[in-house]
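Read through the structure below, which is laid out as structure tokens, and then see the notes.
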Amino acid sequence: GRKTYVVDIAEGNERTEYVAGSNTAIGFILLFTGVIGALGAMFSVPLIVLVLSLLGIVGAIMGYRLPEA
């Protein structure tokens with residue numbers, strides 16, 4: 001929902017740039033979390049779950065701090 005807000009306030013070609021940038025960021029985040037998940041074979045599973053949980057909390061805080069529409 002927050003991504004839509006940012007795209008809606010953009011004008012003209014900025015919308016395309018915002019969507020491309022956010023999709024790229026989401027792709028990197030998914031790739032990063034996939035690598036962390038794959039490292040579960042080398043590290044303990046509870047540690048991996050803790051790291052992914054912390055990343056989720058950071059993302060929730062960042063989303064909460066965005067201005068409302």
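Along the sequence shown, residues are numbered consecutively beginning with 1.
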* **Reported OG1-to-CD1 distance for the pair Thr33 and Ile29, which is rounded to 0.5 angstrom** => 8.0 Å
* When rounded to the nearest 0.5 angstrom, what distance separates CG in Leu47 from CG in Leu52? -> 9.5 Å
* Asked: Is there a chain of hydrophobic side chains (I, L, V, M, F, W, Y, each step under 4.5 Å between heavy atoms) that links Met42 to Val51?
  -> yes
